[in-house]
Amino acid sequence: MPLVTSNELLLEAQREGYAIGAFNANNMECVKAVIEAAEEERAPVILQVSQGAIKYAGLQMATEMVKTVAEEASVPVVLHLDHGTSFLQNVQCLHAGFTSLMYDGSAEPLGKNMEVSAKICEIAHAVGLPVEAELGKIPKIEDYVTAEEADDLRARPEPEQVRILREKAGPNVEELMADPSQAQRFVEGTGIDSLAAAVGSIHGMWADSWPLRRDRIEELRKATNLPLVCHGSSGVIRTRADAEEKGIELKPNECTLEEAVQIGICKVNVATAVSMAFLKGAWDAWQERLNEKDLRKILLPGLQSAKELVRGYMRLFSCSGRVSGTSAVAASEVKHAE
Ligand code: G3H
Ligand code: ZN
């Protein structure tokens, strides 16, 4: 079916109290993993093209991969620009057929962020496209730990990882969070359609163990009444049960990903976890058959592993079962078994 705009999905999700998963289109296998999960789960989905994907595959290749799968799909698919860097890049993506744009002006002073976001909204809205913009700054894990420190941390039990990260990153993550008192002015002054608000998450974490700030999500929802977007979701602890099982204690003003969806997060960006699931599936398959010559036989288990992870997230977001009908895309094991 033709691509749909993010507004069409996010406003419905906001009304009904669920969230749409937004997964990165990094290679053909991951795109297929996401679309197959969406088809089987009957879930609307957002495929987004990141700055890394544009560098890796080129804008045209990344765009065409998503357009091709969306055309064959029987569930609604959005082609979204992730962390757009400028007005010009947004124009290029509008021209390339994206159905959702984003400007990340978090490194700019607030005035400049608002000015560019408003300019993008003006041209995007003229052709019916929605725009997401970032308020506050969602940091990345590399801002706090070196590669060696990360290796050391990853070897420790998860509660200890969280305790150490709370010390190293906690105060700065808090400082960078979106300010609810600026949010209304930001939204009214720009005309944006969804808000990528810094609510305590960190991009690029290797495990789902880190909490979000419940109070900040609630205040931002009240201040803006817009669909809120959670970035850096790979590292966010999924459920209370997970937290208990892992021995991770949440403070009273913190919440899990599942709870964040219940209180106003309508789009959840997951990238690192999909990449890691893909790598693990492919790695395990290769370790089992080191003499394999056919790369598809190694990549396919990677695809399957990424697909199961995406399926789990769709269920967590209560997004599964939102689309009627049956799958139009054959599962990869059937298609590629020669
Ligand atoms: O914009 C993309 C996301 O925020 C992904 O973050 O890699 O931590 O899941 P993540
Ligand atoms: Zn992000």
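When a ligand or atom number is given, it counts from 1 through the structure's own listing order.
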Exercise. Indicate yes or no: does an N/O atom of M205 lie under 3.5 Å from an N/O atom of ligand 1?
Key: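 Checking ligand 1 against M205, no N or O pair falls under 3.5 Å apart.
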Quiz item: Based purely on interatomic distance, does A271 place a nitrogen or oxygen under 3.5 Å from a nitrogen or oxygen of ligand 1?
Solution: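 Yes, at least one N or O pair falls under 3.5 Å.
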For ligand 1, which atoms have a heavy atom of [X] less than 4.0 angstrom away?
{"X": "T272", "value": "7 (O), 8 (O), 9 (O), 10 (P)"}
{"X": "H231", "value": "1 (O), 4 (O)"}
{"X": "H83", "value": "1 (O)"}
{"X": "H203", "value": "3 (C), 4 (O), 6 (O), 8 (O)"}
{"X": "D82", "value": "1 (O), 2 (C)"}
{"X": "V270", "value": "9 (O)"}

Quiz prompt | F87 six-ring face occupied by K119 cation (under 6.0 Å, within 45°) | solution =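 The answer is yes, since K119 meets both limits relative to F87.
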Practice problem: Taking the six-membered ring of F317 (Phe, Tyr or Trp), confirm whether the NZ or CZ of R322 is under 6.0 Å from its centre and within 45° of its axis. | Solution: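 No cation-pi geometry.
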Practice problem: Can you tell me, to 10 degrees, how wide the angle at the Zn ion (ligand 2) is between ND1 on H231 and NE2 on H83? | Solution: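 If I round to 10°, I get 90°.
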Answer with yes or no whether the side chains of [Y] and [X] bring together a donor and an acceptor at under 3.5 Å.
{"X": "N113", "Y": "S117", "answer": "yes"}
{"X": "S181", "Y": "D179", "answer": "yes"}
{"X": "T63", "Y": "Q60", "answer": "no"}

Practice problem: For ligand 1, note which part of S234 has a heavy atom under 4.0 Å away: side chain, backbone, both or neither. | Solution: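 Both the backbone and the side chain of S234 come within reach of ligand 1.
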Practice problem: May I ask whether A273 places a heavy atom under 4.0 Å from ligand 1? | Solution: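 The answer is no: ligand 1 sits nowhere under 4.0 Å from a heavy atom of A273.
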Quiz item: Is the shortest distance from a heavy atom of G204 to ligand 1 less than 4.0 Å?
Solution: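 Within the 4.0 Å threshold, so yes.
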Quiz item: With a 4.5 Å heavy-atom cut-off, do E259 and I263 have their side chains touching?
Solution: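 No, their side chains stay 4.5 Å or more apart.
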Self-check item: Minimum side-chain heavy-atom gap P227-L11 below 4.5 Å
Solution: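 SC-SC contact between P227 and L11 confirmed.
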Quiz item: Does E174 pair with R213 as a salt bridge, N-O distance under 4.0 Å?
Solution: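 Looking at R213 together with E174, the answer is yes, because their closest N to O distance falls below 4.0 Å.
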Quiz item: Mind checking whether V236 and M314 sit in one hydrophobic cluster, side chains of I, L, V, M, F, W, Y counted as touching below 4.5 Å?
Solution: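 Yes, it is one cluster - the side chains of V236 and M314 are joined through contacts under 4.5 Å.
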Quiz item: What's the shortest distance from atom 4 (O) of ligand 1 to any protein heavy atom, and which residue and atom give it?
Solution: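 In this structure, atom 4 (O) of ligand 1 has G232 N, 2.7 Å as its nearest protein heavy atom.
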Quiz prompt | Protein residue, atom and distance nearest to atom 3 (C) of ligand 1, heavy-atom basis | solution =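 It is N269 CB, 3.4 Å.
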